[in-house]
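To start, the structure under review is shown below, and the notes come after it.
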Amino acid sequence: MFEMLGNWSFGNYFKQEAIQWSYEFLVTTLHLNPDRLYATVFEGDAKENVPKDEESFQLWSALLPASHILTGNKKDNFWEMGDTGPCGPCTEIHYDMRTDAERLITNGATLVNKDHPQVIEIWNNVFIQFNRLANGSLEPLPAKHVDTGMGLERLVRAIQGKSSNYDTDLFTPIIAEVERLTGIEYGKDEKTDIACRVLADHIRSIVFTIADGQLPSNTGAGYVIRRILRRAVRYAYSYLHYKEPILHNLVPILVMQFDELYPELTEQQAFITKVIWQEESSFLRTLESGLRKFGQIEDQLKTSGKTDIDGQSAFELYDTFGFPIDLTRLIAAEKGLTINETGFAQAMQEQKDRARQAAKIDTGDWVTVSASALAGEFVGYDTLQTVTQMVKYRQITQKGKTQYQIVLETTPFYAESGGQVGDKGFLYFGDDKIEVLDTKKENNLIVHFTNALPPDVTVPCHAVVNELLRHNTTLNHTATHLLHAALRQKLGTHVVQKGSLVNPDYLRFDFSHFAKVTDEELRAIEEQVNDKIRQNIRLQEMRNIPIKEAMNMGAMALFGEKYGDYVRVIVFDPDYSIELCGGTHVDATGKIGLCKITAETSIAAGVRRIEAITGSAAYQMVAQEWDQTRHLRHLLNNPKDLAAGIQNLLAENERLRKEIEHLHTEQAVQLKNNLKTKAVTLPNGINFLGEHLTGNLTADMVKKIAYDLKNEMPNLFLVLGATIDDKAHLTLMLADELVQNHQLNAGTLIRTLAKHIQGGGGGQPFYATAGGKHPQGIAAAIEEARLVVSG
RNA sequence: GGGGGAUUAGCUCAGCUGGCUAGAGCAUUAGCUUUGCAAGCUAAGGGUCAUCGGUUCGACUCCGAUAUCCUCCA
């Protein structure tokens with residue numbers, strides 16, 4: 001994990017400047033020794049039909065001696081984003097940090113890209129100049145770009161002349177704190193040293209990513225944080241023997257280190273600490289349950305006399321219980337056990353293949369219909385339909401389903417962004433009507449998703465947005481702004497947006513706040529929002545104003561969100577709500593009608609979620625609730641206090657339930673006592689009792705009678721018949737002595753008896769039941785039982 | 001988005017291949033013990049076994065759907 005420094009150029013400058021400036025920065029500004037610098041350039045690849053990067057080679061030749069310019073293969077010196085898309089050669093800058101004595105013995109050029117710990121790559125300049133098509137061929141890009149990436153830690157190490165990244169002052173304060181907390185001294189033992197470094201390194205990634213607005217989760221970027229955090233906890237757990245949350249204790253050091261450069265850390269310190277603590281704690285719980293599972297696996301091995309944990313079990317531990325595989329290895333080794341690594345790898349591969357199969361998308365090349373400078377211009381703020389022209393389209397296939405992506409010259413369709421979902425609607429090409437299922441942005445291009453293409457893609461296109469859906473979405477978006485402002489007013493300015501969803505049905509707003517929002521606060525917030533709705537505040541929309549100006553107005557921007565130089569500002573009362581926003585809004589707040597908060601929940605440590613509905617949806621809900629309450633009142637004969645009335649009802653119901661249970665028990669006891677007197681002692685000493693019970697009985701009552709009789713009468717052979725729910729029911733209960741001494745088995749016996757009632761049954765040797773559809777046969781069944789035991 | 005797993009008393013969890021009248025520890029309450037406390041002993045209360053449906057003579061256990069949570073992969 002390292003911090004990458006760099007900057008992009010989109011057509012502003014290319015190889016000449018990038019290389020020149022790289023050299024200047026390292027040698028003139030940072031005073032690195034040019035004798036120790038090496039550059040690599042792409043050697044070319046005949047198979048791919050890409051030539052050597054001669055241009056970069058020439059440029060470097062003006063700066064470095066030939067012996068310091070090396071060529072590299074496709075793996076090291078060619079960058080690709082994926083199977084298709086932009087790509088190009090790159091040039092790396094390496095730095096030789098060995099001592100002069102060592103440098104005399106071995107030529108540094110032979111150590112570049114050889115994983116030598118002291119000859120390290122510090123900078124990579126990628127020159128994006130090709131576009132790879134689906135058929136594998138390359139075409140030159142009209143505009144060429146530069147993407148530079150420099151490792152901060154390695155650069156600092158080169159400047160400070162340290163032999164390891166971890167000896168630079170980026171890490172030493174954190175490692176010192178780990179030493180203080182764990183009481184383990186750094187530099188004494190390779191194993192604990194590695195653990196200290198892992199902690200120091202990972203905590204930086206975690207803190208910065210959370211400050212950037214990411215939270216640990218089970219998907220996407222959030223999952224990456226979760227994994228990094230867990231790796232750190234695992235190292236502390238198994239090597240530093242620290243079994244409690246530790247990472248959150250390191251936050252203050254980082255905050256101090258970066259206070260000047262990143263005030264965001266200071267501002268969010270409490271929040272970041274809480275999130276980390278929560279995540280650590282929950283992972284430690286996961287580890288605990290994993291250890292339990294491990295114990296079970298261990299027991300099974302012991303009883304079967306094996307010492308090899310099969311791959312499936314190891315994988316289950318990892319996959320289902322989240323127990324890290326290297327921890328399994330470690331613990332297994334401690335207990336003298338081994339893991340079937342092949343089996344584990346295989347199970348892992350199967351899972352990966354499954355996921356890949358499910359996510360596989362086949363993307364075709366764009367087909368250009370008409371060249372247009374306007375491609376994808378959004379006109380949807382002002383109109384919901386327009387006549388335009390298709391610019392290009394392509395076909396994509398996922399899980400056997402084919403869809404099309406269409407780009408128009410101008411479009412009224414809003415593409416999913418800023419939490420607001422994409423528009424739906426129709427595209428009319430002459431008489432052909434194509435449904436737009438969704439609209440998304442791709443590389444700043446508005447892309448319409450459809451299931452079909454028109455027969456003629458060149459005819460003019462009449463693009464029409466679904467007005468009702470857009471209208472409802474718009475209400476929800478404006479309500480979101482009003483809500484955001486209300487939250488900050490009522491709860492405090494620590495409230496920061498952490499996520500937002502705006503669709504036609506409802507709005508969802510996630511924000512940082514430490515406690516549950518109380519019912520009173522929620523009510524106050526809702527009132528505030530509705531107050532602003534009734535004030536019918538007019539929208540002030542400013543398109544394309546410089547970001548500086550917007551910020552001076554006090555507009556709320558999201559940290560971690562990228563904004564262009566020019567932004568759109570949405571204002572509802574300059575003293576109330578000013579936000580940078582690309583979404584669609586009502587022209588006056590009164591149109592929202594009503595906003596009703598429907599839920600307040602927690603979604604992560606320190607993050608709350610509010611859901612709300614507006615407009616007719618809100619009215620419908622209120623009306624329904626009203627009807628329902630009226631109905632309830634009516635049912636209870638209009639009590640003064642509805643809640644109390646229901647509570648009484650519930651209590652009464654519970655009391656009656658218990659009373660019935662009690663009566664059933666009593667009835668059963670009585671029935672049992674009556675039955676006792678009807679038992680006959682047979683010549684062979686068996687106390688036989690066979691009865692056809694009548695009356696209103698439940699299966700549970702019969703069961704209780706049988707068990708009670710067994711406890712009270714020795715040598716009992718009990719057979720009971722009953723009719724329950726119009727079905728015949730037989731119960732057989734045998735004293736333990738009979739089962740043991742007379743080899744009787746209730747389970748097998750009842751199957752014979754069940755024939756009389758045309759049914760089947762079974763059970764244990766001393767107790768069995770049977771059911772059938774012929775109640776008239778019960779007497780015969782009891783009679784047969786008597787014969788069996790008399791026999 | 002695709003797998004796997006979990007959901008049983010207030011809490012932490014047992015309950016194997018359907019049938020031992022749903023259990024343990026902690027917590028609660030009462031009694032005993034103790035000068036008092038900590039603790040100990042004895043007993044009691046507390047469960048729609050997540051929800052809904054199905055299979056079966058019989059479902060905590062098997063099957064399906066739903067909900068919530070955990071976890072892995074992308």
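Note that the structure is a prediction, hence the values are computed from the model and not measured. The chains referred to below are lettered A, B, ... by the order of the sequence lines, with proteins before strands, and numbering in each begins at 1. Note: hydrogens, waters and symmetry copies are ignored here, and every other heavy atom, side chains too, is used.
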*Has the side chain of Asp319(A) got a donor or acceptor atom sitting under 3.5 Å from an opposite partner on the base of rG5(B)?*
no

*So what does Gly760(A) touch, heavy atoms closer than 4.0 Å: a base, only the sugar-phosphate, or nothing?*
base

*Between His729(A) (NE2) and rU56(B) (P), how many Å, whole number?*
15 Å

*Per-nucleotide protein contact string for nucleotides 16-25 of chain B (B base, S sugar-phosphate only, - none; heavy atom under 4.0 Å)*: ---BSB----

*Hey, does Ser282(A) reach any base, or is it just sugar-phosphate, or nothing, if we go heavy atoms under 4.0 Å?*
nothing

Could you list, one pair per line, each protein nitrogen or oxygen that sits under 3.5 Å from a nitrogen or oxygen of nucleotides 50-55 of chain B, together with the distance?
none

*Under the side-chain hydrogen bond (donor to acceptor under 3.5 Å, both in side chains) test, residues paired with Lys676(A) that sit two or more places apart*: Glu712(A)

_Using the side-chain heavy atoms of Thr320(A), tell me which of these nucleotides is nearest: rG1(B), rG5(B), rG3(B)._
rG5(B)

_Between P on rC72(B) and CG on Leu317(A), what's the gap in Å once rounded to a whole number?_
12 Å

*CG of Leu501(A) to CG of Asp510(A): how many Å apart, nearest 0.5 Å?*
9.0 Å

*Could you please name the option among rA74(B), rC72(B), rG2(B) that lies closest to any side-chain atom of Lys352(A)?*
rA74(B)

*What is the nucleic acid contact for Arg356(A), judged by heavy atoms within less than 4.0 Å: base, sugar-phosphate only, or nothing?*
nothing

*Report the distance from atom CD of Gln278(A) to atom P of rC69(B), rounded to the nearest whole Å.*
13 Å

*Find the distance Glu350(A):CD to rG4(B):C1' and express it as a whole number of Å.*
13 Å

_Return the CD to CG distance between Glu691(A) and Leu718(A), rounded to the nearest 0.5 Å._
9.5 Å

_Length of the CZ-P vector between Phe315(A) and rU71(B), whole Å_ = 15 Å

*Secondary structure of RNA chain B in dot-bracket form (Watson-Crick or G-U wobble, distances below 3.5 Å, | marking inter-strand pairs)*: (((((((..((((.....[...)))).(((((.......))))).....(((((..]....)))))))))))).

_Gln351(A): partners by side-chain hydrogen bond (donor to acceptor under 3.5 Å, both in side chains), with sequence neighbours left out_ = Asp319(A)

Below 3.5 Å, can you tabulate the donor-acceptor pairs from side chains in residues 762-784 of chain A to any protein atom, sequence neighbours excluded?
unit_1: His774(A); atom_1: ND1; unit_2: Gln776(A); atom_2: OE1; d: 3.4
unit_1: Glu784(A); atom_1: OE1; unit_2: His756(A); atom_2: NE2; d: 2.4

_Gap between atoms CD1 and C1', on Ile325(A) and rU71(B) respectively (whole Å)_ = 15 Å

*Round to the nearest Å and state the distance from Gln349(A) atom CD to rC72(B) atom P.*
18 Å

